[in-house]
Amino acid sequence: MPELPEVEHVVRALRRILPGRKILASQIKLPKLVAPLTPLRFNRQIKGARIDAVSRRGKFILIECQKPDRKGGQSAKSSTGKNKIVLAVHLRMTGKFLYLTPDDELPKHSHAIFYLDNDRRLVFRDQRQFGVIKLIDADSLPQTKGIKELAPEPFGDEFNEKYLKATLKNSRRTLKTLLLDQTKVLGLGNIYAAEALFRAGVNPFKSASQLSSRRTAALYQSIREVLSFAVDNIRGESLRAGFSYGEVFERFWQVYEREGEPCFKCGARIRRKQHGGRSTYWCPRCQRR
DNA sequence: ACCCTCACCTGCACGC
DNA sequence: TGCGTGCAGGTGAGGG
């Protein structure tokens, strides 16, 4: 159930194994995973493609591929050519990648299997079936619905204090809700949104437009710090069956899942409240306003 | 344009 | 043991 830092780790892991590999065939066991394509059409498009690179946009994993030409070889065209396609994968809540050896058994909830040219299988596993795999022409990726609306990358120059101030000023929603909106602030999920607000000492239920300039600056810093700390400190889960990525097992949360426990800063009991259908955790003393 | 609620799924922990 | 309830780190459709 990854937020941006976990996705970043998945990307780094895939980057170590996938570039240069060829996808011999795909097997899609859950058709809605690749909708609106059918598994058959999906496989026709991806079959024979060579993986060039793995990158990320927000929480989307982008596996960039070069399609073979009609004779079956790789296209002679360069990477700017029309034959570039991208697998845009969103893990949502429970999506994971596995990299299986021929001896490994296919675990439950393995919905997509990519047969690679080194005898390995790249498997997409997803218990809750919320995950998505889109197959997109590289050229149209920036205009793709779901991607074009995304806010600037949180580690890029465009996401700066000025941007956050303008974004908050325009919203009458609460800070917590706004931080979860990927078209406004990119990369946070329910955990890191709570952690960033705690770190900034700001109340999650405060109206976004009413946050003072000083506190907005603090929140901006906190968002970047929480995300980069997580990127630096989480570790992937290893599995006997090859390996899997997309799971955190080192936890360093200050408020998330700590209802009733003492705040590390002031000792007050951490509170939890349902807000917009999700749990919000905060320290009633450190985050009074 | 914005914002809220619900829906999408499986599985786990909990109380009775 | 079993069954009901609530909960889970994400987002999109559909409605007001």
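Here is the naming used below: chain letters follow the sequence lines, and residue numbers restart at 1 for every chain. Excluded from the calculations below are hydrogen atoms, water molecules and symmetry mates; all remaining heavy atoms, backbone and side chain alike, are included.
Following rounding to the nearest Å, A:Asp126 (CG) and C:dT11 (P) show an atom-to-atom distance of 13 Å. What separates CD of A:Glu259 from P of C:dA8 is a distance of 10 Å, to the nearest Å. Note: CG (A:Leu91) to P (C:dA8) measures 20 Å, nearest angstrom. In this structure, the CG atom of A:Leu186 is 13 Å from the C1' atom of C:dG10, given to the nearest Å. Atoms CD (A:Gln127) and C1' (C:dA8) sit 9 Å apart, rounded to a whole Å. Rounded to whole Å, the distance from CZ on A:Arg272 to P on C:dG6 is 12 Å. Rounded to whole Å, the distance from CG on A:Asn190 to P on C:dT11 is 11 Å. A:Leu178 has its CG atom 14 Å from the P atom of C:dT11, to the nearest Å.
Put simply, A:Ser279 has a side-chain N or O that comes within less than 4.0 Å of OP1 or OP2 on C:dA8. Proximity of A:His109 to the phosphate of B:dG11: a side-chain N or O atom is located under 4.0 Å from OP1 or OP2. Taking 4.0 angstrom as the limit, A:Ser171 places a side-chain polar atom (N or O) nearer than this to OP1 or OP2 of B:dC3. In terms of phosphate contacts, A:Lys32 brings no side-chain nitrogen or oxygen within less than 4.0 Å of OP1 or OP2 of B:dC8.
Nucleic acid contact class of A:Gly277 (heavy atoms, under 4.0 Å, all strands): none. Across all strands, A:Glu257 comes closer than 4.0 Å to no nucleic acid atom at all (heavy-atom distances). A:Lys108 comes within contact range of the sugar-phosphate backbone alone, with a heavy-atom separation under 4.0 Å but no base atom that close.
A:Leu116 and A:Ile85 fall within a single hydrophobic cluster, where Ile, Leu, Val, Met, Phe, Trp and Tyr side chains are chained together by heavy-atom contacts under 4.5 Å.
The A:Lys145 side chain lies nearest to C:dG12 when the options are C:dT11, C:dA8, C:dG12. With B:dC3, C:dT11, C:dA8 as the candidates, the nucleotide lying closest to the side chain of A:Arg173 is B:dC3.
Because its NZ or CZ atom is both nearer than 6.0 Å to the ring centre of A:Phe205 and within 45° of the ring axis, A:Lys273 counts as a cation-pi partner of that residue. Figure legend: A:Lys265 and A:Phe198 shown as a cation-pi pair, the cationic atom lying under 6.0 angstrom from the six-membered ring centre and within 45 degrees of its axis.
The base of C:dA8 lies close enough to the side chain of A:Arg128 for a donor and an acceptor atom to sit less than 3.5 Å apart.
When both pairing distances are held under 3.5 Å, C:dG16 makes a Watson-Crick or G-U pair with B:dC2.
In this structure, the aromatic ring of A:Phe130 is positioned over the six-membered ring of the base of B:dC8, centres within 5.5 Å and planes within 30°.
A:Phe97 and A:Phe124 have perpendicular rings, their planes meeting at more than 60° on a 0 to 90° scale where under 30° would count as parallel.
When only modelled atom types and interatomic distance are considered, A:Thr94 and A:Arg128 share no side-chain donor-acceptor pair under 3.5 Å.
With ring centers used as reference points, A:Tyr163 lies 6.0 Å or more from A:Tyr220.
Spacing of C1' atoms, B:dC12 relative to C:dT11, comes out at 22 Å, to the nearest Å.
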